[in-house]
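Below: the structure, in structure tokens.
Note that the coordinates shown come from a computational prediction; the quantities given were computed from them, not determined experimentally.
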2 protein chains.
Amino acid sequence: MNIPKQTVTSKDVAKLAGVSQSTVSRVFVEGSSVSEKTKQKVFEAAKALNYRPNAFARSLTTNQSKLIGLVFPDADYPIHMKTLQLISSELQKLGYSAVLIPWQVDGDSHSIPNIFQYRVDGVIAASATFNTALYEECEEFNIPIVQYARVVEGTKSSYVISDNYSAGQIAAQKFADSALNDVVYLTGEVPTFTNQERVNGFCDEFQTLTGKSPRVIEANYDYSGSLDEIRTLLSAGKPPQAVFCATDNLAMAFMDIARFEFNLDVPNDVQVIGFDDIPQATWLSYQLSTFRQDFARLARESVKIISNQIKEKDSSLVRLMVPVRFIERNSTK
Amino acid sequence: MNIPKQTVTSKDVAKLAGVSQSTVSRVFVEGSSVSEKTKQKVFEAAKALNYRPNAFARSLTTNQSKLIGLVFPDADYPIHMKTLQLISSELQKLGYSAVLIPWQVDGDSHSIPNIFQYRVDGVIAASATFNTALYEECEEFNIPIVQYARVVEGTKSSYVISDNYSAGQIAAQKFADSALNDVVYLTGEVPTFTNQERVNGFCDEFQTLTGKSPRVIEANYDYSGSLDEIRTLLSAGKPPQAVFCATDNLAMAFMDIARFEFNLDVPNDVQVIGFDDIPQATWLSYQLSTFRQDFARLARESVKIISNQIKEKDSSLVRLMVPVRFIERNSTK
DNA sequence: GTGAAAGCGCTAACAA
DNA sequence: TTGTTAGCGCTTTCAC
């Protein structure tokens with residue numbers, strides 16, 4: 001176990017360029033005053049030696065790591081990779097890198113604290129399972145945190161989410177336009193703020209428009225965990241005329257059960273709307289009408305917020321709502 | 001922009017515990033000799049002050065960052081989140097954290113070098129688009145790299161992949177058992193080592209068993225990019241009796257086109273086998289027979305390899321092949 | 001615009 | 001087992 005010293009340091013570059021170490025430093029720090037000539041000299045020397053500034057040493061003096069902790073989604077939901085790419089890419093543009101924060105605390109819950117040894121400048125919590133410990137740690141160390149596409153109630157943190165209430169309203173309008181009166185909101189089992197907003201928008205609007213209340217029925221956010229609840233729903237008397245589902249996965253589970261086990265036609269016997277617009281929504285088997293979240297925007301905004309809070313030491317909370325778009329395919333009419 | 005100093009340092013802890021700074025350090029470093037009594041004292045002081053060792057300062061002296069660069073997949077393929085979770089969790093067990101390396105080099109390609117400012121101890125490249133620059137940088141800085149579930153030919157690095165050749169053989173046997181003779185391998189457009197292995201295993205075995213050669217037809221690894229190629233294939237005379245697809249997404253595209261546009265029954269008119277066992281493979285619309293990769297094992301092994309290469313300074317290449325399992329559902333008979 | 005010197009928080013010799 | 005000392009590679013005053 002023989003760990004070598006770092007190969008090239010700013011000292012080496014300084015020597016080769018014939019300047020002081022601090023001049024080298026200045027060249028690599030934005031906005032320092034260095035003459036164009038020495039700057040060139042230093043760049044040349046740096047390139048010749050293949051020099052990379054040591055971010056750790058830098059952090060030690062600047063007290064900024066340019067590292068953002070990223071709580072990444074725990075569900076194997078098709079859109080989450082895109083989320084990660086978008087966030088990572090936005091961070092990169094601003095000179096930040098992302099460190100993964102494992103959401104699964106194993107055993108003694110020492111894992112969360114571990115990440116704070118790296119002194120992340122901020123944390124982005126991307127639609128993952130709730131983790132109280134994380135929020136407490138952030139508060140303790142005064143690390144700004146922003147929630148991406150989710151809100152954990154009771155936590156005082158910034159967030160960027162889609163306008164779920166409007167989505168609910170639009171779905172309700174769509175169904176009301178078809179003069180339906182027995183409609184269902186199919187929800188997941190874990191109550192979340194964003195889901196509740198959709199429920200509220202849907203129920204409020206449908207009530208207003210038709211005078212009837214939708215049934216809210218609990219299943220699961222994913223496919224396989226919802227099958228039995230859907231069977232129960234469809235076995236209990238007349239099927240609903242339309243179903244608005246909490247996720248696309250759930251909507252697809254509903255469509256499959258309705259078609260293959262209850263011989264119902266979508267959209268003629270029952271209309272279905274999902275939420276998320278996962279790639280599978282376009283597939284020929286589903287052609288699902290659904291709401292597309294503007295993930296690029298969500299990523300951009302959350303990164304912007306976190307970087308502002310870092311730079312400005314501005315601890316005021318930002319709550320942003322991004323519009324969604326209804327994508328009509330063949331599961332509605 | 002008022003950046004505060006770090007709140008609590010080992011010095012503070014030392015003072016409170018009434019010991020020297022180096023004793024505090026020893027308490028937080030595995031395998032140092034400290035008496036149980038002082039250890040307790042230090043722990044108490046640390047807890048009272050909410051002390052976290054500064055990983056940057058530590059790295060500076062140890063020349064080890066305990067950070068692993070992670071090149072994460074660029075495709076929005078359903079299993080990739082699981083991959084990330086598994087790798088991240090395995091890393092955590094060994095005391096490492098993962099820093100995301102953005103695969104998309106924007107513009108001036110300065111992004112890759114950036115990550116090396118953090119002096120990652122190693123790099124795991126998880127099934128992503130090939131990036132020559134990354135490999136060169138790693139070599140330049142002597143950073144071990146291991147490829148997860150992929151092999152970029154021409155690169156001298158360790159890798160862990162599934163036994164794709166065997167998968168091809170098993171698929172061939174399955175089809176040969178049904179006495180078929182017109183079978184197709186539906187491949188993606190970008191040639192990869194793992195895919196080629198599957199092609200080889202499939203063709204070799206089918207040839208051996210039946211004396212016939214499968215047709216190898218090029219489409220795409222994802223769903224929507226493959227539709228036209230599949231239409232072309234099915235429009236050209238009699239449909240194949242069976243198709244082995246490079247990915248599950250591709251298999252599902254084939255099933256959809258076959259059923260909805262060519263009125264073919266799966267598996268009676270044409271049998272289909274996929275590869276990956278994504279969650280959708282179990283869905284009622286597909287019930288796809290496919291090969292399940294042992295991602296947990298792939299993650300575990302790749303982390304083990306990288307950590308060994310870091311610890312042992314062992315630059316010998318490890319090439320590991322992990323068995324796959326054929327999961328038979330209703331798309332074959 | 002540039003250099004010298006001090007110090008960020010930690011670990012690793014070397015003594016004791 | 002413990003304390004003292006000397007850096008790790010960088011940035012940042014403060015002179016000049």
Side-chain angles (χ1 to χ4, degrees), chain A residues 1-43 45-46 49-67 116-119 121 141, chain B residues 1-42 45-46 49-67 95 116-119 121 141:
Chain A
M1 185 154 163
N2 173 27
I3 315 245
K5 304 261 172 206
Q6 174 168 332
T7 36
V8 181
T9 74
S10 65
K11 219 180 213 165
D12 302 321
V13 178
K15 201 176 293 172
L16 184 64
V19 297
S20 77
Q21 202 186 355
S22 26
T23 298
V24 175
S25 168
R26 286 189 188 99
V27 170
F28 287 96
V29 172
E30 295 278 317
S32 303
S33 67
V34 204
S35 78
E36 197 55 37
K37 227 166 64 182
T38 45
K39 198 183 243 173
Q40 287 313 320
K41 269 197 303 189
V42 170
F43 272 141
L49 297 173
N50 219 316
Y51 168 70
R52 300 269 179 282
N54 185 324
F56 299 146
R58 173 177 292 170
S59 306
L60 218 46
T61 46
T62 60
N63 260 297
Q64 273 199 276
S65 65
K66 287 291 183 179
L67 245 30
F116 285 91
Q117 303 192 177
Y118 287 102
R119 299 302 193 272
D121 291 337
F141 292 102
Chain B
M1 184 153 163
N2 171 27
I3 315 249
K5 304 260 173 206
Q6 172 168 334
T7 38
V8 181
T9 73
S10 65
K11 220 180 211 165
D12 302 321
V13 178
K15 202 176 293 172
L16 183 64
V19 297
S20 77
Q21 201 185 355
S22 28
T23 299
V24 175
S25 167
R26 285 187 190 103
V27 170
F28 287 96
V29 171
E30 295 278 318
S32 302
S33 66
V34 204
S35 78
E36 196 54 36
K37 227 167 62 183
T38 46
K39 198 182 244 173
Q40 287 312 321
K41 270 197 303 190
V42 170
L49 297 173
N50 220 317
Y51 168 70
R52 301 268 181 283
N54 185 323
F56 298 147
R58 173 178 291 169
S59 306
L60 217 48
T61 46
T62 60
N63 259 295
Q64 272 199 274
S65 65
K66 287 291 182 181
L67 245 29
F116 284 91
Q117 301 191 179
Y118 288 101
R119 301 302 195 269
D121 291 338
F141 291 103

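Within the 4.0 Å cut-off from OP1 or OP2 of C/dG9, not a single side-chain nitrogen or oxygen of B/Thr9 is found. Taking side-chain N and O atoms only, B/Ser33 has a distance below 4.0 Å to OP1 or OP2 of D/dT1. The shortest distance between the side-chain N/O atoms of B/Tyr51 and the OP1/OP2 oxygens of C/dC10 is below 4.0 Å. At the phosphate of D/dG3, OP1 or OP2 sits under 4.0 Å from a side-chain N or O atom of B/Ser20. Distances shown here put a side-chain N or O of B/Thr23 below 4.0 Å from the OP1 or OP2 atom of D/dG3.
Distance, A/Gln64 CD to C/dC8 C1': 14 Å, rounded to whole Å. Atom CG of A/Asp12 is separated from atom C1' of D/dC10 by 13 Å (rounded to the nearest Å). Distance A/Gln40 CD to C/dG1 P: 15 Å, rounded to the nearest Å. Rounding to whole angstrom units, CG of residue B/Asn54 and P of C/dG7 are separated by 18 Å. Following rounding to the nearest Å, B/Arg58 (CZ) and C/dA12 (P) show an atom-to-atom distance of 9 Å. Rounded to whole Å, the distance from CZ on A/Phe56 to P on D/dC8 is 17 Å. Atom pair B/Asn63:CG and C/dG9:P shows a separation of 20 Å (rounding to whole Å applied). The CD-P distance, from B/Gln21 to D/dT4, rounds to 11 Å in whole Å.
Using a 4.0 Å heavy-atom distance criterion, B/Ser22 is classed as a base contact. Residue contacts shown for A/Val29 are limited to sugar-phosphate atoms, with no base heavy atom under 4.0 Å away.
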(request) Could you please spell out the steps behind the side-chain hydrogen bond (donor to acceptor under 3.5 Å, both in side chains) verdict for A/Ser25 and A/Ser22? (result) CA-CA 5 Å; A/Ser25 168; A/Ser22 26; over 6 Å; no
(message) Between B/Ser59 and B/Asn63, does the side chain to side chain contact (heavy atoms under 4.5 Å, CB included) criterion hold? Intermediate values first, please.
(response) CA-CA 5 Å; B/Ser59 306; B/Asn63 259 295; over 6 Å; no
(message) If you apply the rule side chain to side chain contact (heavy atoms under 4.5 Å, CB included), what do you find for A/Glu36 with A/Gln40, and how did you get there?
(response) CA-CA 6 Å; A/Glu36 197 55 37; A/Gln40 287 313 320; 3.3 Å; yes
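Using a 4.5 Å cut-off on side-chain heavy atoms (C-beta onward), B/Phe56 and A/Gln117 make no contact. With contacts defined as side-chain heavy-atom distances shorter than 4.5 Å, the pair A/Val34/A/Thr23 qualifies.
Checking C/dT11, D/dC10, C/dC8 against every side-chain atom of A/Leu60, the shortest atom distance belongs to C/dC8. Nearest nucleotide to the side chain of B/Arg26, out of D/dG3, C/dA4, C/dG9: D/dG3. Comparing D/dG3, D/dT11, C/dT11 against the side chain of B/Val19 picks out D/dG3 as the nearest. Across D/dT1, C/dC8, C/dT2, the shortest atom-to-atom separation from the side chain of B/Ser35 is found for D/dT1. Which of D/dT2, C/dG3, D/dG3 sits closest to the side chain of B/Thr38 comes down to D/dT2. Comparing D/dT11, C/dG9, C/dA4 by their nearest atom to the side chain of B/Ala57 picks out C/dG9. Relative to the side chain of A/Thr61, the nucleotides D/dT2, C/dA4, C/dC8 differ in distance, and C/dC8 lies closest.
Across A/Val42, A/Val24, A/Val27, A/Asn54, a single residue satisfies side-chain contact (heavy atoms from CB on, under 4.5 Å) together with A/Ser10, and that is A/Val24.
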